[in-house]
J.: 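Here it is, the structure in full.
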Amino acid sequence: MQVHDVDLRLLRIFVAIVECGGLSAAESRLNIGRSTISAHLSDLEVRLGIKLCNRGRSGFELTETGRVTYQASLELLQQCEAFTSTVASSKNELSGRVTIATIDTFVSDPRCGVARVISALKAKGDNLQFDINVCEAREVEISVANGRSLVGLGVSRHHLRGLDYYPLHNETNYLYCGQGHTLFDCKPSEVTRLLETAEVITSNYMRDREVRNDGLNYQNSATAYNDEGIAHLILSGEFIGYLPEHYANYWVDKGLFKSILPQKYFYKIPVMLISSKSNMASPLANALIEEIKRCHSFR
């Protein structure tokens, strides 16, 4: 088949459906109703002559052909963005979508330079569109690897093949309790004893007990997959958990959080700029990487 503008639009909708995990979940991202999304998906299946997914009461599931089409769609859309960027660069202009994936709460870190990056790029080109995707740490890497994002700002334990990692700075995480917890107003002599029974929030990526090896009480009765979830649980006064210092300071300053033995219970995470080796020829990607390094004082 020949690819026309209408096909690219339908493929973008299809990619959004897959990444959101279904038609209903894609409504807010696409800003169109479920019935319209369903009609567009049906149109794409007719134009391609294949069945892309199964959808119904049992949920949304890609067919094998749908999985192949999804990967091919990512590659095609990425090549379209690269074409636009390359042609614009030949006229000494920057053009295209500036797509950045980042971990949550990064904005509260005073060392975060994303806002300065956006401002600097905006001054270099009027034909730029910005897309900031805040997601779980592993999804940051996947978003860069599959071409949805030009770069990622996050953490990683096991680096993915095909990606480059540049350390920006270290994020310090401390162990916190909330107002109402037995550790919050206890005597210093009671801290060690109370820690033996205090329930610790189980969290993901670099913030799990295998990395920390702190000997605390992980009962798996409270789990969170991002910092905001951890904060909710700590605020309940029932659990203790690790959070980045820059994020927890909001509640510390209000007298709602306290760090627990900060000299002992802490760890550091390297925050990294993550980029794809396949984007090295993209003028827009290179300009974005250069600005991120500059605005984060990369050396």
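Keep in mind that the numbers below use all heavy atoms, side chains included, and drop hydrogens, waters and symmetry copies.
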J.: Check side chain to side chain donor-acceptor pair (under 3.5 Å) between Glu64 and all other residues, then give those that pass, not counting sequence neighbours.
T.: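 Side chain to side chain donor-acceptor pair (under 3.5 Å) list for Glu64, sorted by chain: Arg67.
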J.: Is a side-chain N or O of Asn226 found less than 3.5 angstrom from the main chain of Gly229, in a donor-acceptor match?
T.: yes
J.: Using modelled atom types and a 3.5 Å cut-off, is there a donor and acceptor pairing between side-chain atoms of His40 and backbone atoms of Leu10?
T.: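 Absent.
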J.: In plain terms, say whether Glu290 and Lys124 are close enough for a salt bridge, that is, a side-chain N and a carboxylate O under 4.0 Å apart.
T.: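 Result for this pair is no, no salt bridge flagged.
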J.: Is there a donor-acceptor pair under 3.5 Å between the side chain of Tyr165 and the backbone N or O of Leu160?
T.: yes
J.: When you look at Leu76 and Leu8, which way does the side chain to side chain contact (heavy atoms under 4.5 Å, CB included) test go after all the steps?
T.: CA-CA 9 Å; Leu76 174 60; Leu8 293 175; 3.9 Å; yes
J.: So, taking the atom named CD1 in Ile50 and the one named OG1 in Thr69, what distance separates them when rounded to the nearest 0.5 Å?
T.: 3.5 Å
J.: Checking Thr99 side chain against Leu150 main chain: does a donor-acceptor pair fall under 3.5 Å?
T.: yes
J.: Please check: side-chain N/O of Arg111 versus main-chain N/O of Asn170, any donor-acceptor pairing under 3.5 Å?
T.: yes
J.: Drop me the distance from Glu27's CD to Ser35's OG, to the nearest 0.5 angstrom.
T.: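 Going from CD on Glu27 over to OG on Ser35, the span is 8.0 Å.
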J.: At their closest point, which heavy atom of Ile103 faces which heavy atom of Val140, and how far apart are they?
T.: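 Nearest heavy atoms, Ile103 then Val140: N-CG2, 3.9 Å.
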J.: Please report the shortest heavy-atom distance between Pro244 and Asp227, naming the atom on each side.
T.: CG-OD2, 3.6 Å
J.: Can Ile17 be reached from Ile142 by stepping across I, L, V, M, F, W or Y side chains whose heavy atoms are under 4.5 Å apart?
T.: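 No; Ile17 is not reachable from Ile142 via cluster members.
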J.: Which heavy atom of Val271 sits nearest to which heavy atom of Val155, and what is that distance?
T.: CA-CG1, 4.3 Å
J.: Under the side chain to side chain donor-acceptor pair (under 3.5 Å) test, which residues partner His232, sequence neighbours left out?
T.: none
J.: Between Thr63 and Lys51 (side chain of the first, backbone of the second, donor and acceptor by atom type, cut-off under 3.5 Å), is there such a pair?
T.: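 Yes, the answer is positive, given that a donor and an acceptor are paired below the 3.5 Å cut-off.
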J.: Are the side chain of Glu199 and the backbone N or O of Phe239 linked by a donor-acceptor pair below 3.5 Å?
T.: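 Side chain of Glu199 to backbone of Phe239: no pair is present.
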J.: So, taking the atom named NZ in Lys268 and the one named NE2 in His169, what distance separates them when rounded to the nearest 0.5 Å?
T.: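 Those atoms lie 11.0 Å apart.
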J.: So do the side chains of Phe130 and Lys122 get within less than 4.5 Å of each other, counting heavy atoms only?
T.: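 SC-SC contact between Phe130 and Lys122 confirmed.
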J.: Does the side chain of Asp214 pick up a donor-acceptor pair with the side chain of Tyr267 at under 3.5 Å?
T.: no
J.: Heavy atoms, side chains only, cut-off 4.5 Å: are Ser275 and Tyr166 in contact?
T.: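 Answer yes - side chains close enough.
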J.: Please determine whether residues Leu74 and Val68 belong to a single hydrophobic cluster, defined as Ile, Leu, Val, Met, Phe, Trp and Tyr linked transitively by side-chain heavy-atom distances below 4.5 Å.
T.: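 Different hydrophobic clusters.
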J.: Does a donor on one side chain and an acceptor on the other come within less than 3.5 Å for Ser24 and Arg34?
T.: yes
J.: Charged N to carboxylate O below 4.0 Å: is that the case for Glu196 and Arg193?
T.: no
J.: Give a yes or no on whether Glu190 atom CD has more than 12 heavy-atom contacts from other residues, nucleotides or ligands under 6.0 Å away.
T.: yes
J.: Do Leu284 and Leu288 have side-chain heavy atoms sitting under 4.5 Å apart?
T.: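 No, every pair of side-chain atoms sits at 4.5 Å or beyond.
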J.: Between Glu291 and Val117, what is the shortest heavy-atom contact and its length?
T.: O-CG2, 3.7 Å
J.: Which class fits the ring pair Phe257 and Tyr176: parallel under 30°, tilted 30 to 60°, perpendicular over 60°?
T.: tilted
J.: Determine whether more than 12 heavy atoms belonging to other residues, nucleotides or ligands lie under 6.0 Å from atom NZ of Lys264.
T.: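 Not buried by this count: 12 neighbours or fewer within 6.0 Å.
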J.: Does Leu163 form a side chain to side chain contact (heavy atoms under 4.5 Å, CB included) with His159? I'd like the steps, not just the answer.
T.: CA-CA 7 Å; Leu163 299 183; His159 293 183; over 6 Å; no
J.: Using the rule that two of Ile, Leu, Val, Met, Phe, Trp, Tyr join whenever any of their side-chain heavy atoms come within less than 4.5 Å, decide whether Val134 and Leu30 are in one cluster.
T.: no
J.: Using the side-chain contact (heavy atoms from CB on, under 4.5 Å) definition, which of the options Leu233, Ile230, Leu195 pairs with Ile240?
T.: Leu195
J.: Say you draw a straight line from CG of Leu121 to CD1 of Ile100; how long is it, rounded to the nearest 0.5 Å?
T.: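 Going from CG on Leu121 over to CD1 on Ile100, the span is 7.5 Å.
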J.: Side chains of His181 and Ile234: closer than 4.5 Å at any heavy-atom pair?
T.: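 No, every pair of side-chain atoms sits at 4.5 Å or beyond.
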J.: Under a 4.5 Å cut-off applied to non-hydrogen side-chain atoms, are Arg55 and Ser38 in contact?
T.: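 Side chain of Arg55 against side chain of Ser38, heavy atoms only: contact under 4.5 Å found.
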J.: Quick check: does any side chain N or O of Asn173 sit under 3.5 Å from a backbone N or O of Tyr242, one acting as donor and the other as acceptor?
T.: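 A pair under 3.5 Å: no.
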J.: Take atom CG of Asp253 as the centre, draw a 6.0 Å sphere, and report whether it contains more than 12 heavy atoms from other residues, nucleotides or ligands.
T.: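 Above 12, so yes.
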J.: Can you tell me if Arg9 has over 12 outside heavy atoms packed within less than 6.0 Å of its CZ?
T.: no
J.: Check whether Leu261 and Leu216 end up in the same hydrophobic cluster, where Ile, Leu, Val, Met, Phe, Trp and Tyr are linked by side-chain heavy atoms less than 4.5 Å apart.
T.: yes
J.: I want to check something: taking the side chain as every heavy atom from C-beta on, are Tyr70 and Asn146 in contact at a cut-off of under 4.5 Å?
T.: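 With C-beta onward as the side chain, the pair touches.
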J.: Can you see which heavy atom on Gly255 is nearest to which on Phe184, and at what distance?
T.: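 Scanning both residues completely, I find the closest heavy atoms to be O-CZ, 3.2 Å.
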J.: I'd like to check Ile13 versus Leu44 (side-chain heavy atoms, cut-off strictly below 4.5 Å). Are they in contact?
T.: no
J.: If you look at every heavy atom in Arg294 and Ala120, which pair is closest and at what distance?
T.: NH2-CB, 3.7 Å
J.: Any side-chain heavy atom of Cys53 within less than 4.5 Å of one from Phe14?
T.: no
J.: Within this structure, what is the OG-CG distance for the pair Ser143 and Asp131, rounded to the nearest 0.5 Å?
T.: 8.5 Å
J.: Is it possible for you to say whether Val151 and Val107 belong to one hydrophobic cluster, with membership spreading through side-chain heavy-atom contacts below 4.5 Å?
T.: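 Val151 and Val107: separate clusters.
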J.: Atom CG in Leu153, atom SG in Cys112: separation rounded to 0.5 Å?
T.: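 Reported to 0.5 Å precision, the distance equals 7.0 Å.
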